[in-house]
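From a predicted model like this one, the values you see are computed outputs, not experimental measurements. Naming convention: chains lettered A, B, ... in sequence-line order (proteins, then strands); numbering from 1 in each chain.
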Amino acid sequence: MEIALVHGRGGEGWTMPLPGGAVAYHADLAAAVTALEAEVRNGHGPESADTAAAEPSGSAGAAHEPGPLPRWVLADAARDYPPLLEAGARLDRCRDLRLAERILSRVEGHEPPAVVTESDPDAGTLFEREPEPVDGPALLIRLQATWLDQRRRTAAADLAGMGTLLAAESAGGLVAAEMSRTGVPFDRGVHDRLLRDLLGPRPTKGMRPRKLQALADKVIDAFGHQLNPDSTKQVLAAFHAAGLDVKTTHSWELHSVDHPAVEALKVYREHARVWGAFGWNWADAWVSGTGPRSDETAADPTADRGRFRPVYIVGGADTGRWGTDGGGALQLPHAVREAIRAEPGWKLVAADAAQLEPRLLAAISGDQAMIAATAADDLYTELAPRLGGERSKAKIALISAMYGGTAGDAAQLVQLMKDRFPAAFDRVESAARIGEKGGLVRTWLGRTVPAPSERWWQTLNSEDGTRSATGRGRFTRNFIVQGTAAEWALVLLALLRRALHERGLGELVFFLHDEVVVHCPAEHAQAVCTAIEQAAEAATRTLFGDVPVRIPLRPKVVDSYAEAK
DNA sequence: CGGGTGGGCGCG
DNA sequence: AAAGCGCGCCCACCCG
């Protein structure tokens with residue numbers, strides 16, 4: 001059952017069953033949503049008849065294993081779900097029309113004209129950040145129209161995975177809002193200690209921290225004159241003045257430059273980044289509150305705990321990977337990860353997928369030999385005898401095949417890929433060929449690459465044509481793999497979220513492309529590990545059914561995120 | 001002075 | 001072009 005939902009500013013709201021039904025007003029929307037889900041869970045809700053029919057296990061079983069809860073149809077979970085969470089509601093399932101719109105508009109091969117669809121010229125107003133004063137029933141009608149339109153286009157697209165993709169993307173919208181609210185458990189005291197060890201005490205004004213200034217002075221001494229090590233221009237000029245013909249100041253180029261400033265500059269940059277992007281100012285801006293368990297942490301006067309609350313952007317990258325809007329959550333340097341710590345009596349369970357992308361390449365290409373190899377825990381070691389002899393070579397062979405690498409010994413190793421795993425090679429190679437010609441490719445579930453821009457077509461016919469075609473080919477080549485990895489991770493996240501909630505095991509606090517972190521009471525840690533492994537297996541079966549590909553997620557129980565990996 | 005761009009580098 | 005893909009963030013720098 002799908003139910004359109006609109007909330008007002010005072011906590012009131014309106015709902016309407018889809019495809020069409022009576023509009024209901026709720027003075028307290030969060031309470032109404034919670035009550036309706038509880039009814040269905042207890043087998044007394046509007047879904048109970050369907051559930052009994054679909055589950056021959058009998059009514060006693062149905063009470064414990066109810067049918068699916070309502071799927072709430074929202075205009076935009078990122079905008080509409082946080083206030084519901086704040087009011088104490090949790091949605092089990094949803095359809096996020098904004099996220100679905102992006103995916104569907106690309107299926108059709110063109111950018112949406114500002115999310116207005118032909119059958120509903122007013123749909124655009126659904127997605128505005130600040131909608132006009134809410135007319136609940138009128139918005140419900142617009143939701144209904146957009147939902148119907150999307151349903152028609154989903155059917156017309158005729159892509160087998162589209163239903164799963166839209167459900168997973170929408171679940172991502174719920175997870176992202178929930179994780180931002182929960183936050184990553186963070187110890188400001190530990191963070192401060194890490195910074196002091198690295199940089200010295202927090203400086204008072206616009207000064208560099210003491211140890212960072214010392215590093216800047218080392219760079220200056222090495223060159224023998226004043227300069228700002230933050231300025232690429234000045235650093236480049238300094239190398240030239242020293243008689244060294246460097247083209248850039250990239251660390252990999254400087255690596256082979258023989259000058260005493262090189263090492264000092266490298267260390268300076270590394271530390272400057274921690275200070276600038278993940279230092280005290282960052283913590284002031286992004287670490288807040290004491291988290292949901294303030295009652296217990298308050299008992300510990302030495303604790304300086306809070307929660308790191310980044311804003312996630314679901315599907316922020318073209319491939320479907322998430323992005324963030326501030327907080328740098330997707331780039332947390334290892335240097336500060338020790339500050340991410342479980343609260344007393346709790347643990348972090350961190351899990352990451354090993355070689356996710358090549359495993360998915362095996363699955364989507366149907367390459368039998370490569371699929372067989374995914375039985376191994378370390379795919380690169382398993383493939384080494386067939387790809388260059390050493391693990392490192394097998395890794396380059398696979399990565400270069402997926403990214404379009406040609407330099408160094410990559411070309412030769414990619415040739416080995418072609419010989420030994422022709423189906424896998426052909427899958428990425430044909431995606432590249434299509435991209436080079438301006439064609440569109442899709443992920444396994446049906447996410448479509450954005451169409452090339454007008455600008456790209458022009459460049460293609462100019463002198464730079466080969467370069468732009470090659471770049472586009474690399475993008476589409478990688479898109480099918482990275483994008484499928486993103487949707488596998490999304491399905492995993494949706495399944496894990498539900499398992500953790502239904503069994504009351506812990507809270508999902510972090511997600512990063514191919515890894516998840518759960519915060520849970522220590523006594524649940526083993527159960528969480530099992531839940532994670534089961535969710536990974538279920539995600540793989542959701543995407544690939546009986547294809548015997550193996551994509552393990554390796555959970556590790558830790559106190560600090562620094563111990564993971 | 002405020003916005004946009006590019007270098008450099010963190011993460012996967 | 002560091003060996004290739006995807007991001008976000010800080011800084012300096014340039015432009016209006």
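For the C1' atoms, the distance from B/dT5 to C/dA3 is 26 Å, rounded to whole Å. Remark: the separation of the P atoms in B/dG6 and C/dA1 is 14 Å, to the nearest Å.
When base pairs are accepted only as Watson-Crick or G-U wobble with both N-N or N-O distances under 3.5 Å, DNA chain C takes part in stems of 3 or more pairs at B:1-12 with C:5-16.
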Q. For nucleotides 8-16 of chain C, read 5' to 3', which letter fits each nucleotide if B means a protein heavy atom sits under 4.0 Å from the base, S means only the sugar-phosphate is that close, and - means neither?
A. BBSSSSS--

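If you look at A/His259 and A/Phe223, their ring centroids are closer than 6.0 Å.
Nucleic acid contact for A/His334: sugar-phosphate only, since backbone atoms but no base atoms lie under 4.0 Å from a heavy atom of the residue. Using a 4.0 Å heavy-atom criterion, one finds that A/Arg269 contacts the sugar-phosphate atoms exclusively. Looking at heavy-atom distances under 4.0 Å, A/Ile399 makes contact with a base. Residue A/Thr249 is classed as a sugar-phosphate contact, given heavy-atom separations below 4.0 Å to backbone atoms only. Contact annotation for A/Leu356: no contact, since no heavy-atom pair falls under 4.0 Å across all strands.
First and last contacting nucleotides of DNA chain B toward chain A (any atom under 4.0 angstrom from a heavy atom, 5' to 3' order): B/dG7 to B/dG12.
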Give every donor-acceptor pair under 3.5 Å between a side-chain atom in residues 193-200 of chain A and any protein atom, sequence neighbours left out.
unit_1, atom_1, unit_2, atom_2, d
A/Arg193, NH2, A/Glu338, OE2, 2.9

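Under the stacking criterion of a centre-to-centre distance below 5.5 angstrom and an interplanar angle below 30°, A/Trp252 sits stacked against the six-membered ring of C/dA2.
A/Arg472 is linked by a side chain to side chain donor-acceptor pair (under 3.5 Å) to nothing, counting only residues two or more places apart in sequence or in another chain. For A/Tyr380, there are no ring pair (Phe, Tyr, Trp, His ring centres under 6.0 Å) partners, not counting sequence neighbours.
Between the side chains of A/Glu507 and A/Thr182, no donor N or O sits under 3.5 Å from an acceptor N or O.
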